Each structure stands twice: as C-alpha cells, then as structure tokens.
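Here is the structure we will look at, set down as structure tokens.
Values in this document were obtained by computation on a predicted structure and should not be read as measured data.
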Amino acid sequence: MQLPAEFITKYQALLGDQAAAFLAAFDEPVEKGFRVNPNKPVTSAMQAKMNDPIAYSKIGYYGKVNGNALEHLAGAVYSQEPSAMTVGEVARPELNERVLDLCAAPGGKTTHLLSYLKQTGLLVTNEINPKRVTALGDNVERYGARNAVITNETPAHLAKAFPHFFDRILVDAPCSGEGMFRKDPDAMQYWNVDYPAECAARQREILTETVKMMRPGGHLIYSTCTFAPEEDEQMMAWLLKTYPDFELEPIEKVAGMVDAKPEWADGNPELKKAARLFPHLMRGEGHFIAKLVYRGADKVKDLRTVRDSLKPSERQLWTQAQQQLNVPELPNLALQVHGDQLYGVPEMMPVTRRLKVFRPGIQLGTFKKKRFEPSYALALASDDLALPKVAITSAQWQKYVHGETFDLDQAGQNGFTVLTCAGLPVGFGKVVKRTVKNFFPKGLRFLATDDNTSL
C-alpha cells in the first residue's frame, strides 16, 4: 500500500521501534467480523460460521457474512469490523437506561447497543448526514428494535432537547480515518498532515454539546477509528482539563489491546486507562476507546414525555388489527400517528417538537381506507410477540424476497401472517387459503438464488 509520506514519517517518530511492524500491517489482509443478535434465534448456517470467536465479545466472531443472506436481512447477524466491535462492548448499557448514539450511521454500534438493551429503556440514535441516516434506519429496523428513536440532527440541537438526560452516550467521532486505510484505501485521499487537527476541532465542538446531555453518574464512551494523537489522547486530555467532573475508567486490555499513550498528550498517567488497538498487535483495523464517568451535580429536570395521539377512528382500526393479528398490548410504547403511519414511540422519549426525527419509534403499520396494514418492521420485531406465524422453506423465502406470490404446502389461517424461515421472522404475507400474497417491501426486493443468499 502506498501510504502518504508524511503519515509514514509521523508514525516512525511516534512509534519508534514498533513503526516498521505498524506500517507493514497495512499490507496485510483486511480482517472481517460479524456479531450475532442475542435476541434472535441462531440458525444452522450461523452455527457453522461461529467457529472463530472474538475474545472480547460473547456475540462477536471473525469471518465474513453475506448481506443478502436470510440471517442478515432478518437481523440475526450484523457484519462489523472486529476492532470496531470493541466499542459496543465497552459501551455496553444496562437494562432500562437512556442511551444516545450520537454519530451512529450506518448502525454497527447502534445495533450492538440494542443487543444489550433487550427492548428496554430508550436508545436515541442520531446521524447528522441526511444521506447516511437511511442506512441507519434500515439496520435498526432489521434488528427488530422497539425502543429506538432515529434523529437527523446536530449535536447542538440535541443538547437543547435533552439537557442532562442520558445515562450513557456513545460518541464514535468523525475522524481522520487512519484505521480505514487498509479497508478503504480511498480514505487516504482525504488525509494530509493537518487533517487530524481539523478533525480534532470538530470533535471538541461535538464533545462540548455532549457534556450538556450527560446525566450525573452517567457514562461517556469516546472512540475513533484513527491513530492520530490529536484526536485520541490529546482529545481526552483536553476533555479532562476543560470538564474536571469527568473521570476516566479503566478499560480491560485483552487480545492485543494496549494502554493509550500519555506521552502523546500532556503526560497525565490517567490516560493509560483508555485503550489503543493497533493492527500490528491484534486482529483488526485499529481503534481508540475511552470510557468516562460524569461526576457533575447538575440539577436534572423532568421532561414531559410522549403520550398516545390516536383519533377514535384510528384507535378502532388498530384495535381491530390487534385482534386479527393477536398483537398484545405493546409495553412501554406510546401510539402516535404521523401522516398515515402508526408508530410505537418509547414512553421514555421526551416531547421534542423542533427536532428532525427520521423515525420516531417502531413503525407498526399504515392506515389505509377503512383498514390497517401491518409493517415489515413489526414482523421483524415479532420474535417475542405471539403473532400468528407460518414457517416457509428457503425456496419459498427466495420467492418472497423477489416479490413473488407463492403457495403453502397446506392451507393456513386467512389474513396477515408473519412468515418465518429457519425460525427467523422475515416479513408479513397475506394468506388466502394456500396462497401467500407478497408484502415484502418493494424497495428491498432482489433476485435471490442459492449462490447469492448463502451466509
């Protein structure tokens, strides 16, 4: 790999006798990894792939998975670079916490957080770039989340809406991306010797707003996929000096992780508590991670939270759909209508009228003329809901994702039914005797074969 000359010079000076091994690692093959969703069943194809576990994650494995595979489309697996997987493990939330993933697209760390929240609490997952927020929404939907709100906002606007609100905030900061060079060589085109300092200025702006959203006793997890001290140790040194109510907590170093480098910042030995992941010392592309606790004594104001907002006619149609589909009362969700769409919004979510909300909660379905049509998202979130389900074969699933109508082996109960394949909910179909009418989303359809859908 033709690394920038100034990059080579910089890290030869910083790393000394380790520089040669570090620079040589960029010519090694890219490490692939994936996580399993602990809230969904494990298929036999997944089991066959889960033979090279990642030491620091009980749900992470080395290996490559196919994005068109049943297991990926159904949210049972998520492809993620192994060192990036460390961040979700360090950030691991407790049940019922209020969590913010501030720089979230495409959703790897968000889905990791969802794995551990287990449909409890509230996860606000934000992406400032409107072009990237759609991918975030797709991945949250696949994961079957009922406790997530997706926003498309600036940190400053979020800080006004959520004063001292969150128990845990993850800032996987936009950075100079030096850890992406091996995976995406085009990232080198953006790099120059001044670029890390430019990114650091933006990171300080983001963290300044993040502090305003921290609840006393809450945790801030800061990470980057760069090796630049300006964005890593020096950023944490700046944070600790500027906001002395923060304390670093130690991160356990396993599988080749090492202490961060105080000598690359102000020499504060506390910085050793953060973690560095170098590609010549471990299997992964590289990361920096710090975990901090906020000891501030700010007065926390109770914010008004969301409530149901259905018209009587809409309530009637939803109640009828619940009876027909055997949908239970969904816990901890407020029912709200936006346009013709019904959403279940986490009840812990404050009323935020001025925010750009990409998705206010789980989409439950669409109000049509005198009827209600359940959503794809509701089907994918139905693992622990007693909705009517019909098992289909792999061949039938391939017809389903192509948008085709197909027949069951025997007649089923008429009406909307969750279709499952290999034990995983894959979407709704409308059963009429033996025939299944297709309700797989048109924008997701593709020609599926054994070759292009194997995990």
Return the CG to CD distance between L378 and E141, rounded to the nearest 0.5 Å. 10.5 Å

Distance, nearest 0.5 Å, that separates CZ of R92 from CG of L117: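 Spacing of CZ (R92) from CG (L117) equals 10.5 Å.
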
For a quick check under 3.5 Å, do [X] and [Y] share a side-chain donor-acceptor pair by atom type?
X	Y	result
E71	T43	yes
T125	E127	no
N68	T453	no
T111	N37	no
E89	Y116	yes

Non-hydrogen side-chain atoms of N126 and K356 separated by less than 4.5 Å: no

So that I can tick it off, tell me whether [Y] and [X] are bridged by a salt bridge, with the cut-off set at under 4.0 angstrom between side-chain N and carboxylate O.
X	Y	result
R182	E28	no
E205	R202	no
R295	D245	no

Aromatic rings F26 and F22: how do their planes relate, parallel, tilted or perpendicular, breaks at 30° and 60°? perpendicular

Could you tell me which residues satisfy side-chain hydrogen bond (donor to acceptor under 3.5 Å, both in side chains) with H164, sequence neighbours excluded, listed by chain and number?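 Expected list: D298.
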
Given the ring of F165, does R98 sit roughly above its face, with NZ or CZ under 6.0 Å from the centre of the six-membered ring and within 45° of the axis? yes

For Q18 and L15, indicate whether the former's side chain and the latter's backbone hold a donor-acceptor pair under 3.5 Å.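 No, the answer is negative, given that no donor and acceptor are paired below the 3.5 Å cut-off.
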
